[in-house]
Every structure is written in C-alpha cells, then in structure tokens.
K.L.:
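Can you read through this structure? Questions will come right after.
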Amino acid sequence: MKNEILELKCIDMSVDGQGICKDNGLVVFVKGMILDEVAKVKIISDKKNMAFGIIDEMIKPSPYRIKSLCPISYKCGGCDYRYIDYDYQLVLKKRQLEQTFKNFNLDVKVDDVIKCDDPMYYRNKTQVPVREHQFGFYRKYSNDIVEFDECYIETRLANDILRDLKKELLSLHLDNTLRHILIKHALGTGEVMIGLIVNDFNVDYSEVADYITSKYKNIKSIILNLNNKDTNVILGNEEKVLFGNDFIIDEFEGIQFKISLKSFYQVNYHQMIKLYKQVEKKADINNESRVLDLYSGIGTISLFLARKAKEVTGVEVVEPAVNNAIENAKMNNINNANFILGDARDPMDKYLKDKDVVIVDPPRKGLNESLINSIINSNINKVVYVSCNPATLARDLTLLKDTYNIGNITPVDMFPYTTHVESVVLLTRI
Ligand code: SAH
C-alpha cells in the first residue's frame, strides 16, 4: 500500500483540516485536500483501517482553492485552511458543526458563521518558542521549530516587535537562556506586553528592554517569567517586572480591562466583541437578572453583562485572572459584579442557587458531568454555552437536552485560516 498512487475524491474534511477520501472502504486522510477535489494521492503510511496520503497530482481542484500567502504555512501547520478561500472556510466550519451534531443525533439548527471583517493579522497573542538560536512556531504535532519572517495572522505590530527583539537578542547573545517569547497586543488601546520566559533569572535583559521600549512606545509591560522545568507548560510560577506594569489595559464598549501575563484573553479582539454581543442577545437579561458566569477569565463577559443585570458572579480557576477581574470591576466602577477563585469541577450548587442565567465558557474539554447535573437540578432558566470545541459541546448538549430546549447554534469566526470553531447557544428550561 505504501507509495501506491490512487485516484481519489475528497468526500469529507477532518476536524484538523485534512481531506478525507475512501478507497474500497479504507479511509485515507490527505493533507491539503479540499472537499470535492479529485486527485492522484500518494500513500505515505498505512495502518489496519486507515491510511495517510499526499497530493501527487491534482485532477479536479476545488474552485475555492487559493494560493497560500504564507511561504511556511504547509510546514508550520498553524493555519490549516491557508489555501482555502475565506468565505468557504466559513462554509466548512458550519458544515463541521452540523456534522458533529448529526453524529450525536442532536436535532439543532446551525446559523451561518459570523465572519471576521479583516481575517488577517488578527491574533493579539503570539507565542514563540526559542531554541538553538531559532525563533519560530512549533511544527504541528511536533517539537521542531519552524522559523518565520512574517506571520499573517499575528498582528503587524507583534510581527515588527518580534523581528527586532530577535535581532537584538541574537546580537547580545541573550537567547541561550530564553525559552519562549510571549507578546500580547491589546487592540482596543494599542498597549503591548512582552513576556520573556527564561530558565535563569540571573541573566540581565535590561539592555534588550531599553532598546525595544525606546523603539516601540506602545510597550507598557515587560515581564521575566522563570520556567526551568522540563515540561511543555510555557509559563513558570515566578515573575519579575523588567519594565512598566505587570499588566496591560485593553478596552471595548467603554469598559477597560487589565490583562496579566497568565490571564486568558480572547485572541481575536473584533470577533470577541461580536461573540459577547451574541451572548448578551441570547441571555436577554434585565435589571432583575442574577447571572453566574462560569470560567470567567478576567471578567470580560461578566462586566459586559453587569451593565444590564441586577448582579453577576464570576468563577475562575486562575488566580491572576480573578485578581484582574476584581480590579477591572473597581476600575470601571461596576459595583454589581463579584468574582470568586474556584474550580468549576467542584460543586457549584451554592453559586447556582438564586441565579436566573448561567453563562459557561469552558476550555476545549467542555463541562464535566457533575456541573451539568448541578445545572439540571437547579432552577436556572437560561444557560448560554460558549464553546470552542464542537465535539464537547455536542457531548454536553446530549446530557442537557431533556431539561433544556436547545436554540440555534451561532458560530463566530474567532480563528480565520485555522480549523477552530467557536460558537454560542442558548438553552431554555423546558
Ligand atoms: N469567559 C472568558 C474566559 C474563557 S476561557 C473570556 O471570554 O475571556 C476559559 C477560562 O476558564 C480561562 O480563563 C481558564 O483559566 C478558566 N478555567 C479553566 N478550567 C477551569 C475550571 N476548572 N474552573 C474554572 N475556570 C477554569
């Protein structure tokens, strides 16, 4: 089978963007192939019930195939949809949601994906591993570093800063103790934070800090973070401020937000606002509503909703994020929002009590069953579920569907050129 060349038609797409073909019942995954394309495919490896191939010769290309702008996209793998027309990416994302729900026997309607007006240079958080004088991204499913000159989905300013930082660090021979560079760029205010993740706190990075902050006035914070553990977790526990504050500030809809190095913040600023407006619309709260915001991060959704609600309580497991949320409420004179450091896997009944609406925005692994059961056994009328993973969303909805009516799924494209799908859905108690 290996090295064999087969003429195949792409009949489906995998969740990580590979084309799926079938050869006499055998499933063949083909990197870079688009739905409905026909190609001669060279098999590069085969297992008992599946094989992997690459396009050897395109016979019928998709009308939505475009030339990738990025010279390293194929190697890097960060942008699995780089060679697909943007509007068609949205069609594929909607299709992925529909198929996932079908596989779970869920009868739900998926709206058209809310598109990103400017799908390039959108990412406000860049993470760059550094090793043996190389600065880049990890190749997909690997620890190899793929170097780049320009990344077309990170912000332009982050690209510029990174290029200059790299030059300076190399010329001062300061890259040996450096493990990662993290850049956060708040698009509402323009403020930038740089995190230098190092394995030695004794190395002096102040010359680099002076150089980069005199060149880029938007930089408001440079933080040294110590990580000398041999794991794939990027950030360590100890931090030192090298320049400015230990936070940056972003702003949207007249609310300001402090963001620290360790706090989660949505990576696509403009789409984040559209997402939160969908949450607001679906939650349909008024000045009587008592809202619980689980997985609240730095309190963005909580504070956005607090302006209309009677009260909002946020629960979040990362301490710096909770501290940011508390400060954010104060900074904006929002008095009806409070934040609790807590793990949503622990019993949440005492927080669910007396609430009308619950917002959940969990990480990719979704909700755990005990939380779902607590919600089912509560008096909560409305649940707004924000999900970044269709598979766990579908799994969780199957548990909730006997208690709640499932509204339309509204996808918002937070991650253009990648296969990632974000969506929001309203559940109403039956
Ligand atoms: N709603 C926020 C954050 C969403 S990301 C926003 O829109 O910005 C998910 C958040 O859940 C992260 O802040 C993460 O730190 C937090 N989190 C992850 N696991 C958690 C858990 N078990 N309990 C509570 N919070 C958790």
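Just so it is clear, the model here is predicted, and its values are computed rather than measured. Hydrogens, waters and symmetry mates are skipped; everything else that's a heavy atom, side chains included, is used. As the structure lists them, so they are numbered: ligands from 1, and atoms in each ligand from 1.
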K.L.:
For Tyr83, is the NZ or CZ atom of Lys67 found under 6.0 angstrom from the centre of its six-membered ring and inside 45 degrees of the ring axis?
P.N.:
no
K.L.:
Among all residues two or more places apart in sequence or in another chain, which pass the side-chain contact (heavy atoms from CB on, under 4.5 Å) test with Thr155?
P.N.:
Leu157, Ala158, His185, Leu187
K.L.:
Tabulated below should be the N or O atoms of ligand 1 paired with protein N or O atoms at under 3.5 Å; can you produce that?
P.N.:
{"residue": "ligand 1", "atom": "1 (N)", "partner": "Tyr295", "partner atom": "O", "Å": "3.1"}
{"residue": "ligand 1", "atom": "1 (N)", "partner": "Asp361", "partner atom": "OD2", "Å": "2.9"}
{"residue": "ligand 1", "atom": "7 (O)", "partner": "Gln266", "partner atom": "NE2", "Å": "2.8"}
{"residue": "ligand 1", "atom": "7 (O)", "partner": "Tyr276", "partner atom": "OH", "Å": "2.6"}
{"residue": "ligand 1", "atom": "7 (O)", "partner": "Asp361", "partner atom": "OD2", "Å": "3.3"}
{"residue": "ligand 1", "atom": "8 (O)", "partner": "Tyr276", "partner atom": "OH", "Å": "3.3"}
{"residue": "ligand 1", "atom": "8 (O)", "partner": "Thr300", "partner atom": "OG1", "Å": "3.3"}
{"residue": "ligand 1", "atom": "13 (O)", "partner": "Glu316", "partner atom": "OE1", "Å": "2.7"}
{"residue": "ligand 1", "atom": "13 (O)", "partner": "Glu316", "partner atom": "OE2", "Å": "3.4"}
{"residue": "ligand 1", "atom": "15 (O)", "partner": "Glu316", "partner atom": "OE2", "Å": "2.7"}
{"residue": "ligand 1", "atom": "22 (N)", "partner": "Asp343", "partner atom": "OD1", "Å": "2.8"}
{"residue": "ligand 1", "atom": "23 (N)", "partner": "Ala344", "partner atom": "N", "Å": "2.8"}
{"residue": "ligand 1", "atom": "25 (N)", "partner": "Val317", "partner atom": "N", "Å": "3.3"}

K.L.:
Testing Asp112, Val421, Asp413 for side-chain contact (heavy atoms from CB on, under 4.5 Å) with Lys94, which one passes?
P.N.:
Asp112
K.L.:
Can you list everything that forms a salt bridge (Lys or Arg N to Asp or Glu O under 4.0 Å) with Glu327? Sequence neighbours excluded, please.
P.N.:
Lys258
K.L.:
I'd like to check the side-chain contact (heavy atoms from CB on, under 4.5 Å) partners of Lys102; sequence neighbours left out, ordered by chain and number.
P.N.:
none
K.L.:
If only side-chain N and O atoms count, and only distance matters, is there a donor-acceptor pair under 3.5 Å linking Asn408 with Asp111?
P.N.:
yes
